[in-house]
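Note sheet for the following structure.
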There are 2 protein chains.
Amino acid sequence: MASTEKDKGNRRVTIREVAEDAGVSVAAVSKVLRDAYGVSDTLRAKVRQSMDALGYRPLAAARGMRGQTYTIGLVLPDIRNPFFSDIMTGVNNALERTQYRALIGISQSSATGEMAIVEAMIDRQMDGIILIGATEDRANLDAIAARKPLVAVGHHEPDITTFDTVNNNDQQGGQLVVRQMVAAGYKRIAMIGLKSTTSTILAEREIGYRRGMIEAGLGSAINIVQESQTLRDVQITARRMLQAPNRPDAIFCWTDFIALEVISVATELGLRIPEDVGIAGYDNTVYCDFAQNGLSSIDQSGELLGLQATRLLIERIQGRSQAEHFVVPPRLVIRRSTSPG
Amino acid sequence: MASTEKDKGNRRVTIREVAEDAGVSVAAVSKVLRDAYGVSDTLRAKVRQSMDALGYRPLAAARGMRGQTYTIGLVLPDIRNPFFSDIMTGVNNALERTQYRALIGISQSSATGEMAIVEAMIDRQMDGIILIGATEDRANLDAIAARKPLVAVGHHEPDITTFDTVNNNDQQGGQLVVRQMVAAGYKRIAMIGLKSTTSTILAEREIGYRRGMIEAGLGSAINIVQESQTLRDVQITARRMLQAPNRPDAIFCWTDFIALEVISVATELGLRIPEDVGIAGYDNTVYCDFAQNGLSSIDQSGELLGLQATRLLIERIQGRSQAEHFVVPPRLVIRRSTSPG
DNA sequence: CTGAAAGCGCTTACAG
DNA sequence: CTGAAAGCGCTTACAG
């Protein structure tokens with residue numbers, strides 16, 4: 001039987017046993033557990049001691065039946081991008097001295113996958129959800145927010161009132177990249193974006209790119225190519241762009257991962273970086289240092305984003321109902337890939 | 001109040017409402033839910049229809065109070081290594097047509113972090129746990145296995161009876177790398193490992209390396225350096241190795257991440273890869289293709305590992321009690337980094 | 001095959 | 001400040 005398999009060894013200590021050991025009521029123990037008010041110091045001390053002595057650990061699932069599970073869900077599009085690791089570090093730091101724990105679900109970069117994992121998290125009584133790089137449309141996000149406290153990281157919607165958002169200023173980020181490329185002498189600067197109708201960060205980065213081009217008097221050279229994220233598609237796109245008659249002399253890629261792939265295609269075609277073509281990415285992941293001569297990229301302070309998102313979420317769980325929108329300024333890290341001569 | 005915040009909108013449909021709607025007992029609905037036997041087709045059909053009509057979703061936390069939560073916990077040392085993404089894909093594929101969902105916890109590469117996240121998962125009533133690259137010692141692993149079904153991926157302990165293991169043959173992997181390096185003409189082949197007393201995969205890869213060296217008559221050139229995983233330490237180590245009087249002409253790094261860093265240090269020192277020094281990694285991550293000329297690496301079929309681990313875990317959850325140990329053969333992917341001339 | 005009742009381990013009003 | 005009782009949404013024996 002499954003039960004014999006699962007119940008092996010140490011049976012769990014329950015709140016009742018702690019209560020008996022301390023000679024108090026179950027309700028009293030519960031109060032100590034939740035740091036609720038209305039408990040005397042002596043009672044609290046007795047209970048704490050019994051909890052330690054018995055090695056008591058509250059069962060989150062049971063707590064969730066009436067109250068909270070002290071669990072927050074983090075939804076990531078995929079796990080491949082090391083940038084998410086920075087966010088995760090921030091989340092864990094924010095949770096350090098709390099009873100909350102973060103558990104991650106992977107949406108496999110699809111809207112249906114994302115909705116499925118969110119539903120699964122709600123079924124599991126998570127207290128709140130942090131959505132990274134949401135691919136949902138606004139209606140779905142609202143539906144989620146109506147059921148659980150929600151914070152979206154990497155989703156611009158500053159007028160929304162039902163959930164919080166945490167972002168770097170993607171528009172400014174795009175603009176910073178173009179400005180530096182222009183300063184470095186590049187003229188035919190193209191951008192590789194993502195084919196997506198819901199990604200607001202993409203849209204913002206594109207606006208920033210356009211702004212940068214226009215302010216440099218390069219409006220007529222604006223060239224945005226939108227592709228899927230699969231390695232194969234990126235390769236095809238990059239090859240086509242770099243073999244075109246009037247090929248770009250610089251490419252701003254919306255994320256490092258894409259930029260690395262473009263670098264490898266360019267190298268294959270015999271183009272030198274940064275002399276023949278300059279390349280920049282976004283996220284400033286560890287791999288930027290590993291790219292042949294270093295990949296210029298935008299740092300969006302992932303750790304800070306994760307920290308803020310977590311703080312906001314816990315505030316929401318504890319009752320705040322008006323929306324907050326946090327934005328951190330981006331920082332361009334210039335490396336060899338956009339520094340010719 | 002927190003409760004007003006959380007209970008907003010759509011109240012959840014419960015099993016009781018489904019039962020009323022279908023005109024059957026709560027117990028009957030529960031049976032349909034669990035695909036338990038002893039339900040007539042007509043009753044099952046009625047219940048299914050009511051569930052659909054009402055949009056019923058069982059609350060996993062409540063199910064867990066008596067039975068299972070249909071949740072399995074995946075513990076990863078960190079999220080930075082894209083190899084884990086392959087494992088995750090395999091896990092999700094295995095779970096595709098089941099009621100189970102996988103949730104990930106990050107241990108931040110420390111043994112205390114690992115134990116903390118495992119405890120948190122047990123508190124949250126996970127049905128079973130998959131531990132990737134465990135840093136626990138045997139006693140702790142046994143303690144976990146005594147409480148929950150456990151499968152360890154990347155942990156060699158073929159004689160263990162209390163939990164299952166899933167691995168690639170790391171010994172063979174190490175040997176394959178050395179053999180190819182020898183065939184390519186390298187002689188002073190060094191290995192960069194990890195300072196760890198608990199990592200059995202490290203130990204196995206080292207044995208494979210030694211075997212390979214001895215079988216090639218290079219036993220006297222055996223040179224294993226053990227380092228921490230921090231970028232800084234790796235840089236220092238790599239610099240020291242490559243500037244030594246009789247420096248290695250090839251380095252086998254225990255994981256791609258380290259290899260990429262070594263490549264960047266070598267390049268900085270003016271060494272050409274693969275002519276002056278050959279470099280190989282382990283895991284065959286996507287970044288192998290991005291490294292300057294491609295990084296040779298061992299593919300351990302992460303997706304398959306994840307799939308098998310999940311299958312074994314579910315078998316354990318459903319009652320199997322004798323241990324199984326699955327091993328997949330490694331495959332060397334040769335790229336430019338070890339192909340001079 | 002079907003259902004009424006007890007119970008999982010907590011929290012939540014409500015009395016005292 | 002402290003506690004007895006009800007209840008969260010399910011599953012599990014146990015009758016019928």
Side-chain angles (χ1 to χ4, degrees), chain A residues 1-4 6-7 11-47 50-51 54-71 99 122-125 127 317, chain B residues 1-4 6-7 11-47 50-51 54-71 99 122-125 127 317:
Chain A
M1 273 308 300
S3 64
T4 44
K6 279 169 53 195
D7 298 354
R11 273 231 60 66
R12 245 187 128 84
V13 177
T14 71
I15 197 173
R16 178 155 299 140
E17 298 170 53
V18 174
E20 280 167 15
D21 186 85
V24 300
S25 74
V26 166
V29 178
S30 173
K31 273 182 189 146
V32 173
L33 207 56
R34 287 172 291 121
D35 270 321
Y37 66 103
V39 234
S40 67
D41 289 350
T42 43
L43 185 144
R44 193 197 318 280
K46 265 195 300 186
V47 170
S50 292
M51 295 201 299
L54 300 175
Y56 171 69
R57 294 182 64 92
L59 193 64
R63 304 184 79 173
M65 294 297 298
R66 299 287 286 179
Q68 301 182 222
T69 55
Y70 298 92
T71 312
Q99 295 193 58
I122 294 177
D123 293 344
R124 280 154 187 80
Q125 291 279 81
D127 297 332
I317 290 172
Chain B
M1 274 304 300
S3 65
T4 44
K6 278 169 54 195
D7 298 354
R11 275 233 57 69
R12 246 189 127 85
V13 178
T14 70
I15 197 173
R16 180 157 297 142
E17 298 171 52
V18 175
E20 278 166 17
D21 186 85
V24 300
S25 73
V26 165
V29 178
S30 173
K31 273 179 189 149
V32 172
L33 208 57
R34 288 173 289 122
D35 270 321
Y37 65 104
V39 232
S40 67
D41 289 351
T42 44
L43 185 144
R44 193 196 321 278
K46 266 194 301 186
V47 171
S50 293
M51 295 200 302
L54 300 175
Y56 172 69
R57 296 183 62 94
L59 193 67
R63 304 183 79 174
M65 293 297 297
R66 297 289 286 178
Q68 300 181 224
T69 55
Y70 297 92
T71 311
Q99 296 193 59
I122 294 178
D123 293 344
R124 281 153 186 81
Q125 291 281 79
D127 296 332
I317 290 171

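What you see is a predicted model, and the numbers here were worked out from it, not measured in a lab. Scope of the values below: all heavy atoms of this structure, side chains included, with no hydrogens, waters or symmetry mates. Letters A, B, ... mirror the listed sequences (proteins, then strands); counts begin at 1.
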R66(B) atom CZ is separated from dG7(D) atom C1', nearest whole Å, by 15 Å

Using whole Å, report how far CD of Q68(A) lies from P of dT11(C).
10 Å

Tell me whether the OP1 or OP2 atom of dC1(C) has a side-chain N or O from S40(B) closer than 4.0 Å.
no

Does a nitrogen or oxygen in the side chain of R63(B) sit under 4.0 Å from OP1 or OP2 of dT11(D)?
yes

Would you kindly give the CZ-to-P distance between R124(B) and dG9(C), to the nearest whole Å?
17 Å

Side chain of S25(A): nearest nucleotide among dC10(C), dG9(D), dG3(D)?
dG3(D)

Would you indicate whether the side-chain heavy atoms of R34(A) and R63(A) approach each other to under 4.5 Å?
yes

Picking from dA4(D), dT11(C), dT2(C), the nucleotide nearest the side-chain atoms of V39(B) would be dT2(C)

Of dG9(C), dT12(C), dC10(D), the nucleotide closest to the side chain of S30(A) is dT12(C)

So, does R12(B) get its side chain near the phosphate of dC8(D), meaning an N or O under 4.0 Å from OP1 or OP2?
no

Interatomic distance, D123(B) CG vs dC10(C) P [rounded to whole Å]
10 Å

Nucleotide dT12(D), atom P - distance to CG of L33(B) in whole Å:
11 Å

My understanding is that a pair needs two contacts under 3.5 Å, Watson-Crick or G-U wobble. By that rule, which nucleotide pairs with dA4(D)?
none

Taking the side chain as everything from C-beta on, heavy atoms only, tell me whether T71(B) gets closer than 4.5 Å to Q125(B).
no

Would you indicate what V24(B) reaches in the nucleic acid, counting non-hydrogen atoms under 4.0 angstrom: base, sugar-phosphate, or nothing?
sugar-phosphate

Rounding to an integer number of Å, can you tell me how far R16(B) CZ sits from dA6(C) P?
14 Å

Between Y70(B) and dT11(D), is there a side-chain N or O to OP1/OP2 distance below 4.0 Å?
no

Could you check which of dC10(C), dT12(C), dC8(C) has an atom nearest any side-chain atom of P58(A)?
dC10(C)

Taken to the nearest whole Å, CD/E17(A) to C1'/dG9(C) is 11 Å

Smallest heavy-atom separation, R124(B) atom then A60(A) atom, equals CG-CB, 3.6 Å

Contact between R44(B) and V47(B) at the side-chain level, heavy atoms closer than 4.5 Å - yes or no?
no

Given that I15(A) and A28(B) both sit by DNA chain C, which one's nearest nucleotide is further toward the 5' end?
A28(B)

What integer distance in Å separates M65(A):CE from dA6(D):P?
17 Å

Among dT2(D), dT11(D), dT11(C), which is the nearest nucleotide to the side chain of L43(A)?
dT2(D)

Taking side chain as C-beta onward, heavy atoms only, is R12(B) less than 4.5 Å from I122(A)?
yes

Whichever of A61(B) and R34(B) has the more 5' nearest nucleotide on DNA chain D, that residue is A61(B)

With a 4.5 Å limit on heavy-atom distance, are the side chains of L33(A) and Y56(A) in contact?
yes

In the strands shown, is dA13(C) matched to any nucleotide by a Watson-Crick or G-U wobble pair with both distances under 3.5 Å, and which?
none

